[in-house]
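One structure is given here, and the rest of the page talks about it.
This is a predicted model, so every value here is computed, not measured. For ligands, and for the atoms within them, numbers begin at 1 and follow the listed sequence.
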Amino acid sequence: MISKRASEFTSFIVMDVMAEAEALERKGEHIIHMEVGEPDFPTPKAVIDAAIAALKNNKTRYTHALGLLELRQAVCDYYRREYGVSITPDQVLISTGTSPVLLFAMLAILDPGNEVIVSNPRYPCYQNFIGAAGGKLKEIQTYPEEGFQYRHKDIAKKISRRTKGIIINSPCNPTGIVMSKEHLQDIARFDAPYIISDEIYHGLVYGDKAHSILEFTDRAFVINGFSKLYAMTGWRLGYLIFPKKFSAVMQRIHQNFMISANGFIQWAGIAALTKTKTDVKAMIRTYDERRRYMLARLTEMGFVIHVEPTGAFYVFADGRKFFTDSYKEAFRITEKAKVGVTPGIDFGSGGEGFLRFSYATSLENIKEGLNRLERYLKKRK
Ligand code: PMP
């Protein structure tokens, strides 16, 4: 028998769309992938060189359960440099991606029946990390005209003694919206024990710089990693920054469940944080060019972009003029227009009627993909 908990895990629909697109490709179809949230750039050379050097130097053993001290120190230096905040290596856990640290953060703070506030729409995996740790989701509806951002009064209404945390994600997947300093300050003032801030898209911004929640409170669990900014999804490397008093428990959790993150890859992580400035700058310039093109084309076609996205690499476009069922439509677009897109419903009921387009693919692909989509929509009418 499958456990009740496991049977309640929701699926990650974008993966189903991707599987469908790949099945079409196996039949010989040419598909443009705008569904995937994965950088198309190669990992910067300095990172690859550091991994090779680490392998040649036999850095192939377990490390400290919290991670290599040198990498944890590099994370502290990075947060000081970028945000002016002061954290120490005993507040950092390195793991194989941000996904596992999200789970470990939930295991560290949730007791059965505890609630975590999340927005609707949101990154679809959050609910499952919460559920796996025995917690409950407390959803807050957000609105397209406001960039799907929390309203103060809605949080005030939902917060209770059962609330253990509020999840924020800026720059946001799926909306690409970057939270303002004032908004972060406002969230930090709420009487919830912890703010869980998913900062994995930090650095990928095309307007004002994103602020870290740590600038406003130390009651925070910060999730960050290497997948997006350094084009390192397949390396599986991420980290968690937590309040000092969790140091021993985080170490215990990681010792038991992972022992440690991959040794040589942690050495490569140091290079990512310290030697990739030029590569990152070039990637951001290219993403921004694609972002502008995509925004203009989607708007021309009749999609509505309520608030301009200035972060991550997504456009969350309102397609209610064309369809109501985003799930059906995303599969239809994949099959008929040969363009992979993510249905808004993947991110919760608040995303219904929307599609998420990723511009983590070449401008050439984006042009061709949007041409195909335009032809499809014209025929559809
Ligand atoms: N948070 C958000 C908002 C994401 O979009 C992703 C990746 N899609 C993750 C966390 C997990 O990233 P990873 O495990 O590759 O570090």
Side-chain angles (χ1 to χ4, degrees), residues 10-18 33-41 43 47 67 71 75 92-106 116 118-130 132 142 148-149 165-179 195-205 210 212-213 220-241 254 257-258 261-262 265-266 268-269 272-273 287 309 311-316 340 342-344 346-348 351 356-361:
T10 52
S11 82
F12 202 180
I13 301 173
V14 62
M15 294 306 194
D16 301 341
V17 175
M18 227 159 93
H33 291 272
M34 295 204 277
E35 77 279 26
V36 274
E38 175 165 58
D40 56 317
F41 296 106
T43 300
V47 180
L71 177 56
V75 167
V92 179
L93 166 67
I94 311 287
S95 195
T96 51
T98 65
S99 305
V101 300
L102 263 160
L103 176 63
F104 301 145
M106 296 302 160
V116 180
V118 298
S119 65
N120 179 8
R122 63 175 168 276
Y123 179 56
C125 302
Y126 293 150
Q127 60 233 36
N128 296 318
F129 293 119
I130 296 166
T142 54
F148 290 106
Q149 302 217 53
I166 303 172
I167 296 190
I168 56 172
N169 174 214
S170 162
C172 177
N173 175 9
T175 64
I177 298 294
V178 179
M179 286 172 79
I195 312 296
I196 299 111
S197 178
D198 184 344
E199 303 189 353
I200 191 164
Y201 291 100
H202 269 232
L204 290 173
V205 285
S212 170
I213 195 69
F221 283 81
V222 169
I223 278 116
N224 204 336
F226 298 78
S227 289
K228 313 289 173 168
L229 187 59
Y230 307 108
M232 288 174 64
T233 42
W235 294 68
R236 309 312 299 130
L237 191 64
Y239 56 90
L240 176 70
I241 302 171
H254 216 241
F257 298 148
M258 307 295 279
N262 322 48
I265 286 177
Q266 294 188 60
L273 290 174
Y287 282 134
F313 36 63
Y314 306 111
V315 175
F316 203 47
T342 307
D346 201 7
F347 306 94
R356 188 194 71 175
F357 295 87
S358 160
Y359 48 89
T361 186

Scanning both residues in full, the closest heavy-atom pair of P171 with V205 reads CG-CG1, 3.8 Å
* Judged by modelled atom types alone, do T96 and N262 share a side-chain donor-acceptor pair under 3.5 Å? -> no
inquiry  = I'd like to know if R236 contacts ligand 1, where contact means a heavy-atom distance under 4.0 Å to any ligand atom.
reply    = yes
the protein heavy atom lying closest to atom 7 (C) of ligand 1 turns out to be K228 NZ, 3.0 Å
The residue among F357, Y201, Y359 that forms ring-ring contact (aromatic ring centres under 6.0 Å, His included) with Y314 is Y201
message = Taking a cutoff of less than 4.0 Å between a non-hydrogen atom of the residue and any ligand atom, is T233 in contact with ligand 1?
response = no
Here the atoms of ligand 1 under 4.0 Å from any heavy atom belonging to Y201 are 3 (C), 4 (C), 5 (O)
What one should report as the nearest heavy-atom pair of K228 and G37 is NZ-O, 2.8 Å
| Backbone or side chain, does any N or O of Y126 fall under 3.5 Å from an N or O of ligand 1? | no
Centroid-centroid under 6.0 Å between Y287 and F41 rings:
yes
among protein heavy atoms, the one nearest atom 2 (C) of ligand 1 is D198 OD2, 3.4 Å
Inset, instruction - Decide whether S212 and H202 meet the rule of one side-chain donor and one side-chain acceptor closer than 3.5 Å. - result: no
| Is the Y126 ring parallel, tilted or perpendicular to the Y123 ring (thresholds 30°, 60°)? | perpendicular
Contact region, I223 to ligand 1, non-hydrogen atoms below 4.0 Å, reads neither
heavy-atom search around atom 14 (O) of ligand 1 in the protein gives S99 OG, 2.6 Å
Note: heavy atom closest to atom 13 (P) of ligand 1, options V101, V36, T98, belongs to T98
the protein heavy atom lying closest to atom 6 (C) of ligand 1 turns out to be Y123 OH, 3.3 Å
What about the rings of F347 and F148, do their centers lie closer together than 6.0 Å? no
Under 4.0 Å between heavy atoms, the region of S227 that gets near ligand 1 turns out to be side chain
Can you tell me if G225 contacts ligand 1 (heavy atom of the residue under 4.0 Å from the ligand)? no
